Amino acid sequence: MKTRSWTQVPRMAIPALLLVALAACSSGPVRRVSEPAARLQQLTVNVDGSWTAQVRLENYSSIPMRFERFDLVLQAGGQEAGALRASPALDIGPESADVVEARLVPAAAAKLAAADALAAGRSLSYSLTGTVVATPDESSKSRDFDIERNSALSPAPGLPGVLR
């Protein structure tokens, strides 16, 4: 009876054995919780002088998250406008986003900065700072995430009083 040495094992058997061993060790997809983001998608100057802000909440996690609330300070054109607060209790899927509306009566200096940008047809810089409270899908404990965003909005053509 002839015995085979290790070198005589077919070359395809070794990769197949390694794949079987690797599959036995796997525990499924990685579940990571990443910092969410918040930004302004649109700012509408209403007839009564108030603003309606469409706040885009972005979930960068690989799992769904429930966005409980946010408390953000808005600065527009370098001027403090006021606080954007909402409690949407909104579920957002992994690596997805959704929009929540929040109203505010802006401070006079911010109103002037927005009116000037709209009248001149130029962009309006803004910043958001504050907190977003969200709960990862598999957890029952909510977490506070710090938000700091600097960007700009431009007048929307054909939509008076709207910056996007």
Side-chain angles (χ1 to χ4, degrees), residues 22 26-164:
L22 186 62
S26 82
S27 61
V30 176
R31 297 173 61 84
R32 67 175 164 70
V33 176
S34 299
E35 294 272 330
R39 66 180 177 92
L40 289 184
Q41 182 165 303
Q42 180 173 298
L43 185 68
T44 303
V45 177
N46 301 311
V47 175
D48 64 0
S50 67
W51 291 356
T52 302
Q54 290 184 354
V55 179
R56 182 177 174 90
L57 300 172
E58 299 169 327
N59 177 14
Y60 292 118
S61 299
S62 66
I63 60 171
M65 290 184 69
R66 182 168 188 80
F67 286 76
E68 302 294 339
R69 65 185 174 280
F70 60 81
D71 187 359
L72 304 168
V73 174
L74 170 62
Q75 286 194 349
Q79 306 297 319
E80 188 163 327
L84 293 172
R85 293 183 180 104
S87 298
L90 179 66
D91 292 320
I92 299 178
E95 299 171 1
S96 297
D98 211 337
V99 177
V100 175
E101 282 193 357
R103 287 186 67 122
L104 103 123
V105 177
K111 270 186 190 182
L112 290 174
D116 185 47
L118 285 165
R122 68 178 188 331
S123 64
L124 175 70
S125 63
Y126 77 87
S127 68
L128 290 175
T129 54
T131 305
V132 170
V133 179
T135 305
D137 185 45
E138 80 264 359
S139 170
S140 60
K141 185 178 178 187
S142 63
R143 294 176 51 186
D144 292 2
F145 296 95
D146 292 330
I147 300 295
E148 192 170 317
R149 174 81 178 197
N150 295 305
S151 192
L153 299 168
S154 298
L159 298 173
V162 175
L163 296 152
R164 288 187 177 158

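These numbers come from the heavy atoms of this one structure, side chains and all, not from hydrogens, waters or symmetry mates. Remember, predicted model here, so these are calculated numbers, not experimental data.
Residues satisfying the side chain to side chain contact (heavy atoms under 4.5 Å, CB included) criterion with Ser34, sequence neighbours excluded, are Arg32, Tyr60, Ser61. Scored by the salt bridge (Lys or Arg N to Asp or Glu O under 4.0 Å) test, Arg149 finds no partners at all (sequence neighbours excluded). Residues passing the side chain to side chain donor-acceptor pair (under 3.5 Å) test with Asn150: none are found, sequence neighbours excluded. For Glu68, the salt bridge (Lys or Arg N to Asp or Glu O under 4.0 Å) test picks out Arg66, with sequence neighbours left out.
A 4.5 Å side-chain heavy-atom check between Leu57 and Asp98 finds every atom pair outside the cut-off. The shortest distance between side-chain heavy atoms of Leu72 and Thr129 does not fall below 4.5 Å. Proximity of Leu163 to Tyr126: side-chain heavy atoms (C-beta onward) are nowhere separated by under 4.5 Å. Using a 4.5 Å heavy-atom cutoff, the side chains of Met65 and Ile92 are not in contact. Residues Ser142 and Val133 form a side-chain contact, since some pair of their non-hydrogen atoms from C-beta on lies under 4.5 Å apart. Side-chain contact check for Gln42 versus Val99: every heavy-atom pair is 4.5 Å or farther apart. Residues Leu74 and Trp51 have side chains in contact (heavy-atom distance under 4.5 Å, counting atoms from C-beta outward). Within the 4.5 Å cutoff, the side chain of Leu40 has heavy atoms near those of the Val55 side chain.
Scanning all heavy atoms of the two residues, the minimum distance from Gln41 to Leu153 falls at O-CD2, 4.3 Å. Scanning both residues, Ala86 and Val100, for their nearest heavy atoms gives CB-CG1, 4.1 Å. Scanning both residues, Arg39 and Leu128, for their nearest heavy atoms gives CA-CD1, 3.8 Å. What you find for Gly78 and Ser125 is that their closest heavy atoms are N-OG, 4.2 Å. Between Ala113 and Ala76, the shortest heavy-atom contact is CB-O, 3.9 Å.
Each salt bridge (Lys or Arg N to Asp or Glu O under 4.0 Å) pair with one or both residues in residues 119-135, not counting sequence neighbours, appears once here: Asp116-Arg122. Every pair passing side chain to side chain donor-acceptor pair (under 3.5 Å) that includes a residue from residues 79-88 is listed here, sequence neighbours excluded: Asp71-Arg85.
Between atom OG of residue Ser50 and atom CG of residue Leu104 there is a gap of 8.0 Å, rounded to the nearest 0.5 Å. How far CG of Leu118 is from CG of Leu159: 11.0 Å, rounded to the nearest 0.5 Å.
The number of heavy-atom neighbours closer than 6.0 Å to CZ of Arg56, taken from other residues, nucleotides and ligands shown, is above 12.
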